[in-house]
K.L.:
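Before I ask anything, here is the structure I am working with.
Labels below follow one simple rule: chain letters A, B, ... track the order of the sequence lines, proteins then strands, and each chain is numbered from 1.
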There are 2 protein chains.
Amino acid sequence: MVQSGGSVTLSDVAREAGVSVATASRALNGSSRTVRPDLSARVAAAARRLDYAPNAQAQAMARGATTMVGLIVHDIADPYFSAIAAGVSRAADDAGLLVMLSNTLGRPEQELRYLKALRAQRGRAAILVGSQRTDRDHSAAVSSEVAAFEHAGGRVVAISQARLPVDTIVIENAAGAGALARKLAEMGHSRFGVLAGPSDLLTARDRHRGFQRGAVDAGCAPPIAVHGAFTRDGGHSAMAQLLDSGCQIDCVFAVNDVMAVGAIAACRDRGLQLPKDLAIAGFDDIATLRDITPSLTTVRLPLTELGKQAMELVTAPPGTAPKRSRVKGTVVIRDSTPAHR
Amino acid sequence: MVQSGGSVTLSDVAREAGVSVATASRALNGSSRTVRPDLSARVAAAARRLDYAPNAQAQAMARGATTMVGLIVHDIADPYFSAIAAGVSRAADDAGLLVMLSNTLGRPEQELRYLKALRAQRGRAAILVGSQRTDRDHSAAVSSEVAAFEHAGGRVVAISQARLPVDTIVIENAAGAGALARKLAEMGHSRFGVLAGPSDLLTARDRHRGFQRGAVDAGCAPPIAVHGAFTRDGGHSAMAQLLDSGCQIDCVFAVNDVMAVGAIAACRDRGLQLPKDLAIAGFDDIATLRDITPSLTTVRLPLTELGKQAMELVTAPPGTAPKRSRVKGTVVIRDSTPAHR
DNA sequence: CTGTTAGCGCATTCAC
DNA sequence: GTGAATGCGCTAACAG
């Protein structure tokens with residue numbers, strides 16, 4: 001049972017079972033051809049006895065297809081991405097696929113690198129999660145690498161903006177933020193501030209613009225915007241800056257929940273009473289953040305579900321033109337934005 | 001430049017460059033043998049022109065080694081695991097390795113399945129993250145699969161308890177919880193409750209026992225324990241149960257931060273004023289949770305760093321006996337546990 | 001229904 | 001320093 005060096009191979013199993021490798025192969029993987037039950041049983045027994053595990057590389061090479069999908073995210077430690085990753089992972093499991101995780105840390109060149117690595121792996125598909133950048137050159141570079149990947153027979157789907165020529169789950173950031181702005185205006189808020197995130201991230205930009213448009217449409221003054229990193233600390237310092245500016249505002253929209261949390265902390269640091277002195281809203285509805293105080297008004301995105309949908313697109317037969325499905329967030333009003341006046 | 005069907009192969013590149021496949025191979029991967037500069041340049045140019053990406057499966061087969069490491073976690077959506085995953089991912093990146101992510105959702109059989117899949121992939125290593133179970137049968141089954149994986153040439157490291165015969169980063173849960181208990185006792189708390197998590201998870205059990213021992217050592221009565229799931233909702237319902245029991249307690253220890261957050265919510269539901277009416281502490285120091293109110297006393301674990309360390313163990317030359325490194329958490333006192341009396 | 005054989009793409013002996 | 005040939009483990013024709 002114990003082998004000397006490397007691994008047990010199919011021919012070891014075949015020899016042990018007294019059949020040919022072809023028969024062993026057919027018995028173990030269930031090919032189109034059928035194998036006599038007794039032989040099949042003998043092979044299975046031999047495989048078990050030897051603790052045989054097929055060499056996936058060899059199978060991939062012989063079959064010309066792997067069972068691997070790549071998941072490319074900005075930062076797996078960010079709950080936005082880890083929630084999506086959980087959905088992808090679960091769905092992959094159900095489909096019998098393996099997930100290769102790649103963290104780009106937001107660096108464009110990493111994205112290209114991973115895409116190429118995935119092509120080298122002959123991955124069956126790649127799921128690109130996260131905001132595109134305003135930089136068109138970068139989008140073009142990704143498009144080109146994506147084309148190469150697809151040319152090699154892989155499928156690609158993106159979760160973000162409809163900027164790549166691939167199946168995409170488009171998140172309607174502008175619409176969601178707009179709906180939030182209108183709702184807040186309706187609740188009596190009128191002087192808005194926006195913690196706008198990095199100006200080169202489409203997601204941040206769209207949410208900012210959508211909110212701005214919604215506010216203006218509702219008859220409010222254009223919100224005062226402060227940019228900053230798309231993180232807790234980014235929200236903290238943007239909020240501090242906004243507070244320092246001395247502008248009169250009654251409600252702040254952070255372009256994601258994580259920033260909103262930083263903003264809340266910044267307000268506390270200044271001794272502000274929330275939500276009495278200032279209303280704050282976020283975007284995403286991160287599960288881990290649902291218990292902060294005051295509970296956060298936000299735009300809910302079905303993150304885990306998005307991951308699942310992405311896997312479905314990836315396993316579906318490829319169409320001729322890129323499919324686009326749209327996901328609109330739903331506004332969730334909580335304690336952080338009480339009715340005003 | 002555009003190929004008809006599948007992918008560009010090395011022999012395509014060789015032909016394009018007017019050299020043999022052997023030379024092309026040597027030029028592109030830098031083998032021990034050296035290639036004349038001009039030829040090397042020609043090969044590189046041809047590869048670029050054709051947008052060649054080596055077939056990793058074929059390379060793996062020829063070389064007998066892959067560049068893939070498996071990361072097996074309970075739930076990537078849980079910030080505890082995603083923080084570790086981020087560390088692993090970053091370190092893998094630096095080492096030029098690829099990460100295969102596996103979510104077991106806490107199901108033991110999934111762990112075995114993934115380990116086997118990883119063996120099939122001829123993964124270079126597996127990193128097992130997450131509590132072992134009290135069930136010895138399961139540990140034995142994992143040990144056996146781990147042995148098979150190692151026998152096939154893979155390295156295994158665990159982050160949890162020293163229960164598997166592999167390199168392990170042991171988290172000193174009992175010691176950390178004990179230190180926390182002593183500190184809290186010192187601060188004047190004496191009647192403790194514990195939200196103890198699932199009784200079959202070693203991590204939960206060790207933290208519970210460690211806390212209990214620490215409390216008793218400090219001269220307090222044994223804490224009153226309530227079990228529940230290792231999640232936010234588990235913490236919520238365990239806390240509710242504790243409150244319903246009518247026991248007199250002044251401080252509650254939840255065996256992880258996520259549960260502590262649930263507990264805080266449960267207290268709020270009952271109209272309790274925190275931290276005035278009740279002190280609450282957690283374990284882990286989850287980054288996303290650092291801004292909740294009241295800020296949470298906890299035992300900090302260097303999660304991202306753990307991931308990095310695990311990768312280092314995995315890439316280090318294998319020793320004869322399993323290495324064990326120990327990580328002790330550091331007690332962090334915050335607002336949720338004010339001095340008592 | 002089973003066995004023999006020819007690749008899959010690449011790294012690596014071995015000759016030159 | 002280069003090229004031709006072998007084999008990694010497996011699947012899928014192809015014969016029998």
Side-chain angles (χ1 to χ4, degrees), chain A residues 3 5-44 46-47 50-67 117 119-124 152-153, chain B residues 3 5-44 46-47 50-67 117 119-124 152-153:
Chain A
Q3 289 294 112
S7 316
V8 180
T9 75
L10 186 59
S11 69
D12 293 331
V13 175
R15 192 175 328 110
E16 173 85 7
V19 298
S20 72
V21 287
T23 299
S25 171
R26 295 193 268 251
L28 255 23
N29 82 359
S31 80
S32 58
R33 327 203 41 86
T34 165
V35 174
R36 210 181 346 136
D38 59 321
L39 281 190
S40 185
R42 246 163 60 201
V43 172
L50 265 31
D51 198 11
Y52 168 72
N55 183 323
Q57 328 287 336
Q59 289 186 314
M61 208 152 76
R63 294 209 256 245
T66 67
T67 93
R119 177 150 63 100
Q121 293 292 335
R122 299 300 185 263
R124 180 178 296 199
Chain B
Q3 289 295 114
S7 315
V8 180
T9 75
L10 186 58
S11 70
D12 293 331
V13 175
R15 191 175 328 111
E16 174 84 8
V19 299
S20 71
V21 285
T23 299
S25 171
R26 296 193 266 250
L28 288 176
N29 81 359
S31 80
S32 57
R33 323 200 47 84
T34 166
V35 174
R36 215 187 335 140
D38 59 321
L39 280 192
S40 186
R42 247 164 58 199
V43 172
L50 264 31
D51 197 11
Y52 168 72
N55 183 324
Q57 328 287 337
Q59 288 185 315
M61 209 153 79
R63 291 208 256 245
T66 66
T67 104
R119 177 151 62 100
Q121 293 291 335
R122 298 302 184 262
R124 179 178 296 199

K.L.:
Regarding D/dG3, can its base be found pairing with the side chain of B/R26 as donor and acceptor, where the two atoms are less than 3.5 Å apart?
P.N.:
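Check passes, donor-acceptor contact within cut-off.
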K.L.:
Round to the nearest Å and state the distance from B/R42 atom CZ to D/dG1 atom P.
P.N.:
16 Å
K.L.:
Whether A/N29 contacts D/dC10 is assessed here as follows: a side-chain N or O lying under 4.0 Å from the phosphate OP1 or OP2. Is that the case?
P.N.:
no
K.L.:
Let me know the distance between CZ of A/R63 and P of C/dG9, rounded to the nearest Å.
P.N.:
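It is 16 Å, rounded to the nearest whole Å.
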K.L.:
Side chain of A/M61 only, heavy atoms from C-beta on: which candidate in D/dG9, C/dC1, C/dT4 is closest?
P.N.:
D/dG9
K.L.:
Would you kindly compare B/S20 and B/A58 by the position of their nearest DNA chain D nucleotide and give the one closer to the 5′ end?
P.N.:
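Going by which nucleotide is closer to the 5' end, it is B/S20.
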K.L.:
Measure from CG on A/L10 to P on C/dC8 and round the result to the nearest Å.
P.N.:
20 Å
K.L.:
Rounded to the nearest angstrom, tell me the gap between atom CD in B/Q121 and atom C1' in D/dG9.
P.N.:
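Answer to the nearest Å: 14 Å.
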K.L.:
Can you find a pair of side-chain heavy atoms, one from B/D51 and one from A/R119, that are under 4.5 Å apart?
P.N.:
yes
K.L.:
C/dG3, OP1 or OP2 - any side-chain N/O from A/T23 closer than 4.0 Å?
P.N.:
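Indeed, a polar side-chain atom of A/T23 lies that close.
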K.L.:
Donor-acceptor pair, A/Q121 side chain versus B/Q57 backbone, under 3.5 Å?
P.N.:
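Here the side-chain-to-backbone pair does not exist.
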K.L.:
Please report the distance, rounded to the nearest Å, between CD in B/Q57 and P in D/dT11.
P.N.:
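So the two atoms are 13 Å apart, to the nearest Å.
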K.L.:
Taking OP1 and OP2 of C/dC1, is either one under 4.0 Å from a side-chain nitrogen or oxygen of A/R33?
P.N.:
no
K.L.:
Is A/Q59 close enough to D/dC10 that one of its side-chain N or O atoms is under 4.0 Å from OP1 or OP2 there?
P.N.:
no
K.L.:
Report the distance from atom CG of B/L39 to atom C1' of D/dG1, rounded to the nearest whole Å.
P.N.:
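Atom CG in B/L39 sits about 9 Å away from atom C1' in D/dG1.
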K.L.:
Mind checking whether B/T9 and B/N55 have side chains closer than 4.5 Å, heavy atoms only?
P.N.:
no
K.L.:
Taking A/T66's backbone N and O only, do any of them form a donor-acceptor pair with A/R124's side chain (distance below 3.5 Å, no angle check)?
P.N.:
yes
K.L.:
Can you tell me how far C1' of D/dA12 sits from CG of A/L28, to the nearest Å?
P.N.:
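Going from CG in A/L28 over to C1' in D/dA12 covers 16 Å.
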K.L.:
Counting only side-chain nitrogens and oxygens, does B/R36 get under 4.0 Å of the OP1 or OP2 atom of D/dG1?
P.N.:
no
K.L.:
D/dC8 phosphate, OP1 or OP2: any side-chain N/O from A/N55 under 4.0 angstrom?
P.N.:
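It does not, given that no N or O in the side chain of A/N55 lies less than 4.0 Å from OP1 or OP2 of D/dC8.
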K.L.:
Heavy atoms, side chains only, cut-off 4.5 Å: are A/R63 and A/N29 in contact?
P.N.:
yes
